[in-house]
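Remarks on the structure that follows.
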Amino acid sequence: MKLLSGEILSNERYGDNLYRIEVFSPYICNNAQAGQFVNVKCSYDGSLDPFLRRPFAIFDIEKKFNVFSILYLLRGRGTRFLSLLEQGDMLDFAGPLGKPVDLTGAGANVLLIGGGIGIAPLHLIARIAVRIKNNVFFAAGFKDNAFLRWEKDLIRLKINYAVMTEDGSWGEKGLVSDYIWENLKTFENYDIYCCGPCDMLKTLQNIYKNKKNKVTAFLEEKMACGVGVCGGCVVRIKKGGKGFSYQKVCEDGPAFNLGEVLFD
Amino acid sequence: MKLLSGEILSNERYGDNLYRIEVFSPYICNNAQAGQFVNVKCSYDGSLDPFLRRPFAIFDIEKKFNVFSILYLLRGRGTRFLSLLEQGDMLDFAGPLGKPVDLTGAGANVLLIGGGIGIAPLHLIARIAVRIKNNVFFAAGFKDNAFLRWEKDLIRLKINYAVMTEDGSWGEKGLVSDYIWENLKTFENYDIYCCGPCDMLKTLQNIYKNKKNKVTAFLEEKMACGVGVCGGCVVRIKKGGKGFSYQKVCEDGPAFNLGEVLFD
Amino acid sequence: MTEQKSLFSDEITRSGNGINLSVKLGKIKLDNPVIACSGTFGCGVEYNNFYNTAVLGAVTTKSYSLEPMEGNPPPRIYETAAGVLNSIGLQNDGIDAFIKKHLPGAEKLGIKIILSIFGQDLREFDKIAYRILKIEDIREKITAVELNLSCPNIKKGGMAFSAVPGEVREIVGSVVNILNIPVIAKLSPNQDNIIEAAAAAREGGAQAVSIINTVVGMAVDIKTFRPGLGNILGGLSGPAIKPIALAKVYSLAREKILPVIGMGGIFNWEDALEFLVAGAGAVGIGTVNFIQYDAGKRIIEGLRNYLESRKIYDINEVIGRIRT
Amino acid sequence: MTEQKSLFSDEITRSGNGINLSVKLGKIKLDNPVIACSGTFGCGVEYNNFYNTAVLGAVTTKSYSLEPMEGNPPPRIYETAAGVLNSIGLQNDGIDAFIKKHLPGAEKLGIKIILSIFGQDLREFDKIAYRILKIEDIREKITAVELNLSCPNIKKGGMAFSAVPGEVREIVGSVVNILNIPVIAKLSPNQDNIIEAAAAAREGGAQAVSIINTVVGMAVDIKTFRPGLGNILGGLSGPAIKPIALAKVYSLAREKILPVIGMGGIFNWEDALEFLVAGAGAVGIGTVNFIQYDAGKRIIEGLRNYLESRKIYDINEVIGRIRT
Ligand SMILES: Cc1cc2nc3c(=O)[nH]c(=O)nc-3n(C[C@H](O)[C@H](O)[C@H](O)COP(=O)(O)OP(=O)(O)OC[C@H]3O[C@@H](n4cnc5c(N)ncnc54)[C@H](O)[C@@H]3O)c2cc1C
Ligand SMILES: Cc1cc2nc3c(=O)[nH]c(=O)nc-3n(C[C@H](O)[C@H](O)[C@H](O)COP(=O)(O)OP(=O)(O)OC[C@H]3O[C@@H](n4cnc5c(N)ncnc54)[C@H](O)[C@@H]3O)c2cc1C
Ligand SMILES: Cc1cc2nc3c(=O)[nH]c(=O)nc-3n(C[C@H](O)[C@H](O)[C@H](O)COP(=O)(O)O)c2cc1C
Ligand SMILES: Cc1cc2nc3c(=O)[nH]c(=O)nc-3n(C[C@H](O)[C@H](O)[C@H](O)COP(=O)(O)O)c2cc1C
Ligand code: FES
Ligand code: FES
């Protein structure tokens with residue numbers, strides 16, 4: 001991990017309230033692994049507003065160009081600042097952060113389940129997995145078609161996928177968890193990586209409670225340091241029998257074994 | 001006084017570290033009088049950085065176009081923000097604030113003594129005075145020729161003037177107070193308005209200690225409210241014999257009788 | 001999202017008359033819970049240039065003393081991160097000037113006045129109370145009297161009155177005895193005894209407690225190596241202190257000793273709502289008035305719109321409803 | 001401007017060896033006055049990714065207890081205006097883990113360690129001290145031990161140890177007796193007795209006092225009506241509290257009871273200089289590390305450049321030089 005400053009190559013509207021920013025960074029492109037994130041200063045140098053850095057998954061890496069990208073939803077003050085940056089501006093960020101997801105050791109098939117902006121860390125996994133796995137399948141669910149443009153990027157990865165939307169405006173109408181439920185058999189021998197809203201993760205936890213799939217979930221928690229020193233970003237992870245321990249999303253995660261996550 | 005939002009018609013570099021911003025505001029143009037100022041929000045809507053408003057003298061008013069302007073030095077966070085605003089952006093300001101300087105009642109001749117950015121409030125006085133007085137003379141002193149462009153604006157007012165610079169790069173070499181000292185006789189029957197650094201005002205106070213000229217000085221003090229409610233911006237003003245009272249720059253000033261000002 | 005809508009589903013107050021914003025703090029009744037803080041709003045007359053200040057729940061006047069006071073040497077203001085330090089030193093032109101000069105002006109505009117006063121000792125508080133008593137039709141003109149007990153107790157070495165619960169009880173009791181209008185005790189956040197002080201205020205007969213006053217702070221001007229304030233120490237206010245104020249309001253309100261008027265760093269309706277939810281029966285807005293001249297109006301409108309959009313027809317339904 | 005240059009003209013310390021940044025706090029000698037604050041910097045190993053953390057005057061470790069501690073339920077972090085609330089709840093993996101796991105790592109990097117510890121009562125402080133005593137070559141490995149006395153005294157209803165000067169004296173005295181390395185007492189800003197507590201720390205044999213720890217604060221999430229922190233109350237840090245910290249540092253330092261390590265909201269060298277001028281013998285940087293990962297290096301460099309440009313050749317010349 002390093003503190004970096006990278007030139008912004010583009011920062012484009014990607015959909016409704018959705019942006020993609022591309023940043024030049026040989027260091028990230030050479031060192032970042034699947035599942036990692038960057039911690040971004042979302043205010044001008046010397047400004048305290050907003051105060052904390054914001055963590056963002058690495059959405060994609062184009063090694064050839066030394067460019068990585070972030071996909072972000074415009075939510076509050078931090079992402080508003082991001083959305084105002086322009087080509088040529090410098091982005092102040094640190095990374096790669098978080099424990100990498102180890103794709104080499106696992107099974108031959110990978111299923112990615114993304115809900116909304118939760119597709120962000122999975123996209124990079126897809127890109128890496130497609131080279132080393134037999135099958136990679138992306139199941140993605142959205143409210144509406146705000147993420148429509150993503151389909152093009154997805155197609156370029158040359159993997160199979162299914163899109164579900166709540167309003168039926170894109171792909172099939174319904175929830176991604178319904179899709180998983182209906183295709184349980186198909187994905188019986190898949191290792192699963194999922195990221196999305198809490199409700200989706202809880203549903204998936206239920207679905208896979210007694211299955212033998214290895215299910216890895218990406219979690220979010222508010223962060224202060226992002227590098228494991230403050231203990232701010234903990235989630236409850238089952239320990240042995242009935243107990244639990246607090247583990248840090250930034251250092252021990254952001255990916256955890258879904259079966260061991262204790263939601264409240 | 002009103003809380004206003006005015007479109008920025010231009011915001012140009014006027015000299016080294018010096019800018020002039022022109023704002024559309026019929027209200028200010030119709031209501032502001034000589035000596036008044038505006039209190040400007042120098043951060044984006046909802047931002048707390050920098051925190052307080054910044055007071056600026058009204059530098060000029062062009063009634064015909066409903067445009068007033070501010071001349072400002074780039075000093076810190078507030079003026080940095082100002083300098084980044086662009087044509088078409090809106091300026092959030094309140095005004096006109098402060099006690100107007102009454103030019104109608106006074107003598108027939110007016111001498112303006114400005115040091116550095118202190119020329120700002122005097123420029124508007126010059127513009128108004130030139131219509132109702134016999135003689136208006138502007139004596140201005142600067143470090144260097146950063147304010148050179150101002151000479152053009154001054155010439156348009158069709159008044160006599162003298163410029164002094166410390167480095168001799170424009171006008172005569174020397175201090176404006178030296179110029180005043182050397183021309184005391186010439187201005188014997190002039191009402192004087194001065195604005196500039198503390199040292200200049202102190203020197204002028206000495207020069208005019210036992211003269212009969214009416215000398216009015218513009219003072220600065222840090223402000224919180226700008227409208228007279230907080231008591232933050234006080235200066236020491238002589239009261240009767242030996243005592244003094246704290247008076248508010250924003251409400252009782254910014255112009256005070258120089259002879260009564262107690263510098264520390 | 002779904003949670004937000006269901007928060008109040010069990011007890012929605014439907015009413016044909018729109019949203020009820022009025023609140024009661026003991027015997028004090030306000031049309032809405034938004035009060036301008038003492039020392040930051042004059043008597044509401046200046047700000048009437050920016051909006052009709054009669055729409056505020058009340059305007060707390062600057063704190064008046066028996067005789068006019070000079071205040072502290074300048075500089076009196078120092079900007080800090082999301083806050084401001086001040087060392088005004090309670091400059092004011094005295095209670096008589098308020099009665100003769102400022103009150104009539106506010107009255108004419110229909111501003112609801114909470115009169116803030118302070119004395120150097122019990123006797124001075126009493127003397128001021130007697131002068132107030134002489135105001136004609138006082139109950140129509142003055143909603144309440146707020147005792148600024150964060151000011152220094154000269155007889156006790158300059159410590160704030162509110163540092164000593166016994167003093168609080170005595171002063172409040174004495175003023176309550178003299179006046180026939182509700183009394184509010186304003187406490188300092190610089191002592192760690194707010195609960196005891198509030199209990200003492202109740203015993204003295206106060207109707208409510210105002211917290212917090214400014215927090216002791218300081219700055220150094222590194223260009224001159226001088227303190228940023230002429231008085232060296234000053235009071236910190238603004239959003240910087242909001243978390244501190246909220247903690248004090250919550251901790252005191254849950255004791256249910258007296259209704260709490262919560263203040264400290266409120267900048268918008270969301271901040272005001274935080275205080276109400278944490279248990280404040282009304283909120284004070286101070287420093288924000290310097291930056292957002294029409295903050296009072298905006299915050300009242302913001303609260304009303306929020307309640308309307310959530311189908312909560314009475315603001316009292318959110319007060320103290322924090323889910324711990 | 002002219003004033004700035006003449007500030008030190010009477011006593012400029014000319015030296016062929018460049019700028020002296022080293023400071024002494026009692027028996028504690030530091031190469032420079034910039035210390036990483038407890039709980040915000042691990043043991044300095046993580047941040048070594050960003051710069052050589054051995055350049056810091058010292059790194060104060062997170063506070064270790066006798067046994068590992070779980071800490072508080074999430075959320076533990078809440079962003080506020082120019083600050084952050086935390087309710088970590090002193091989660092740590094225990095003093096033994098520090099000795100076996102973390103210390104060797106820091107040692108290898110040449111990081112100067114101030115070891116922060118806390119106990120639930122006097123006995124626990126003592127027990128931890130005895131374990132520390134067993135570290136080989138302890139005086140070479142540990143610059144000082146800092147006692148976090150802002151943590152709750154479980155036996156006394158959860159009030160901070162530093163609230164009761166008698167407890168401060170006893171704990172400090174006991175640990176000083178056990179250990180042969182300098183002891184620092186870290187005090188809470190949430191009681192109004194810092195001067196008494198510091199005097200008690202001196203009587204107990206402490207070499208210095210660290211102030212301030214975080215200020216009690218709170219937030220409400222208006223979307224859910226829940227407290228922003230799982231623990232409801234938390235500690236506020238960052239620039240928001242800088243004026244509060246400066247006031248406490250100044251007020252304590254001028255009493256000349258013990259050298260003061262000043263902290264609270266320092267973000268750049270200018271802030272650090274404010275604390276030094278106000279009387280701090282060294283400064284702590286905490287929250288800034290979360291936002292500016294290389295703050296430590298920057299602040300040391302900034303101070304050095306400042307001194308150089310002002311022709312002040314010894315940082316001790318600015319300490320406590322406030323002109324009041
Ligand atoms: C490991 C990780 C990876 C993430 N990846 C992405 C991504 O790829 N794309 C994306 O759009 N978002 C991502 N997020 C979320 C992103 O960090 C927040 O959306 C962002 O902080 C929103 O900030 P804001 O300033 O716009 O909004 P704010 O209004 O300031 O905050 C909006 C919400 O973001 C959350 N938030 C605020 N500050 C933090 C913080 N310091 N740490 C964590 N959450 C915070 C709060 O819960 C808040 O409700 C990720 C979060 C984590 C923890
Ligand atoms: C009545 C009046 C009229 C003024 N007219 C002009 C003008 O026409 N042109 C111009 O360039 N400047 C003018 N100033 C000064 C102007 O307000 C400050 O230069 C400006 O605040 C600088 O702010 P900053 O944020 O850029 O710098 P900062 O670094 O934030 O401050 C720079 C300096 O400005 C002063 N300052 C900061 N905040 C305030 C405040 N709220 N009130 C007063 N002073 C403050 C401080 O003393 C500080 O040293 C005027 C000041 C007053 C009181
Ligand atoms: C400039 C200024 C002057 C103040 N004067 C008084 C006063 O005279 N009496 C009083 O009780 N409180 C006074 N206060 C405190 C405020 O009423 C309020 O309690 C405090 O500022 C916190 O609220 P805020 O953060 O919204 O400003 C003053 C505050 C400021 C900033
Ligand atoms: C996340 C976090 C954890 C902290 N943990 C500790 C701790 O374990 N022990 C301690 O003495 N202080 C702890 N502190 C307090 C800091 O050491 C410091 O005193 C305080 O944050 C003020 O400095 P700052 O504003 O620079 O952060 C912690 C602060 C933060 C923000
Ligand atoms: S954010 Fe500090 S430990 Fe994760
Ligand atoms: S700035 Fe508030 S009275 Fe002048």
Side-chain angles (χ1 to χ4, degrees), chain B residues 1-5 27 31 38-55 75-78 92-97 219-237 239 243-253 261-264, chain C residues 36-51 59 61-62 68-93 228-230 234 237-240 242 265 267-268 270 286-295 297-298:
Chain B
M1 70 177 93
K2 269 197 181 176
L3 179 59
L4 299 159
S5 178
Y27 185 81
N31 293 284
V38 290
N39 209 4
V40 180
K41 177 133 196 302
C42 291
S43 58
Y44 289 107
D45 195 32
S47 170
L48 302 171
D49 190 8
F51 187 64
L52 293 171
R53 285 176 181 260
R54 303 289 192 248
R75 273 196 265 186
R77 308 168 74 79
D92 172 347
F93 63 98
L97 303 175
L219 301 185
E220 274 198 22
E221 190 47 76
K222 287 189 184 150
M223 294 185 178
C225 70
V227 296
V229 302
C230 78
C233 61
V234 297
V235 288
R236 250 182 285 252
I237 301 295
K239 196 169 72 178
F244 68 86
S245 75
Y246 288 126
Q247 299 208 14
K248 300 169 191 162
V249 171
C250 74
E251 197 187 33
D252 306 316
V261 176
L262 284 173
F263 296 101
D264 42 26
Chain C
C37 287
S38 176
T40 67
F41 210 74
C43 296
V45 175
E46 288 85 352
Y47 279 89
N48 211 69
N49 284 297
F50 305 124
Y51 65 99
V59 168
T61 67
K62 64 162 63 194
M69 273 180 63
E70 275 293 342
N72 286 325
R76 292 178 172 183
I77 293 291
Y78 202 90
E79 187 178 80
T80 68
V84 63
L85 284 165
N86 87 77
S87 61
I88 309 301
L90 295 164
Q91 176 171 2
N92 78 92
D93 48 4
L229 297 173
S237 64
K242 194 186 82 173
F267 251 59
N268 49 40
E270 290 96 329
T287 304
V288 66
N289 296 302
F290 304 158
I291 289 130
Q292 194 76 59
Y293 289 128
D294 58 355
K297 194 179 87 177
R298 283 195 192 206

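Keep in mind that what you see is a predicted model, and the values were worked out from it rather than measured. Here is the naming used below: chain letters follow the sequence lines, and residue numbers restart at 1 for every chain.
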What residue in [options] has the most heavy-atom pairs under 4.5 Å with chain B?
{"options": "C:Asn92, C:Asn72, C:Val45, C:Asn289", "answer": "C:Asn72"}
{"options": "C:Glu46, C:Lys62, C:Glu70", "answer": "C:Glu70"}
{"options": "C:Gly89, C:Gly83, C:Cys43", "answer": "C:Gly83"}
{"options": "C:Gly238, C:Pro74, C:Gly42", "answer": "C:Pro74"}

Query - Proximal component of C:Phe41, with respect to chain B [non-hydrogen, under 4.5 Å] - result: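 For C:Phe41, the backbone is the part near chain B, not the side chain.
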Query raised in the report: Quick one: what part of C:Ser87 sits under 4.5 Å from any heavy atom of chain B, side chain, backbone, both or neither?
Result: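 Neither the backbone nor the side chain of C:Ser87 comes within 4.5 Å of chain B.
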Requested in this report: Identify which part of B:Lys222 has an atom lying under 4.5 Å from any heavy atom of chain C, answering side chain, backbone, both or neither.
Outcome: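 Contact with chain C: backbone and side chain both.
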Query raised in the report: Contact part of B:Arg77 toward chain C, heavy-atom cut-off under 4.5 Å: side chain, backbone, both or neither?
Result: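 Answer is neither: B:Arg77 stays 4.5 Å or more from chain C.
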Query raised in the report: Between B:Arg53 and B:Asn39, which heavy-atom pair has the shortest distance, and what is it?
Result: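 Closest approach of B:Arg53 to B:Asn39, heavy atoms only: NH1-O, 3.1 Å.
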Query - Nearest heavy atoms of B:Cys225 and C:Tyr293, plus distance in Å - result: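 Result for this residue pair: O-OH, 2.6 Å.
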Query - Side-chain (C:Tyr47) to main-chain (B:Val229) donor-acceptor, under 3.5 angstrom - result: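 Absent.
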Query raised in the report: Judged by atom type as modelled, is there a donor-acceptor pair below 3.5 Å linking the side chain of B:Ser47 to the main-chain atoms of B:Asp49?
Result: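 Yes, because the side chain of B:Ser47 sits within donor-acceptor range (under 3.5 Å) of the backbone of B:Asp49.
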**Report entry** Validation row: C:Ile291, B:Leu52 side chains within 4.5 angstrom (heavy atoms)
**Finding:**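 The answer is yes, as the side chains (C-beta and beyond) meet within the 4.5 Å cut-off.
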**Report entry** Heavy-atom side-chain contact between B:Val234 and B:Lys248 under 4.5 Å
**Finding:**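 Yes. Closest side-chain heavy atoms under 4.5 Å.
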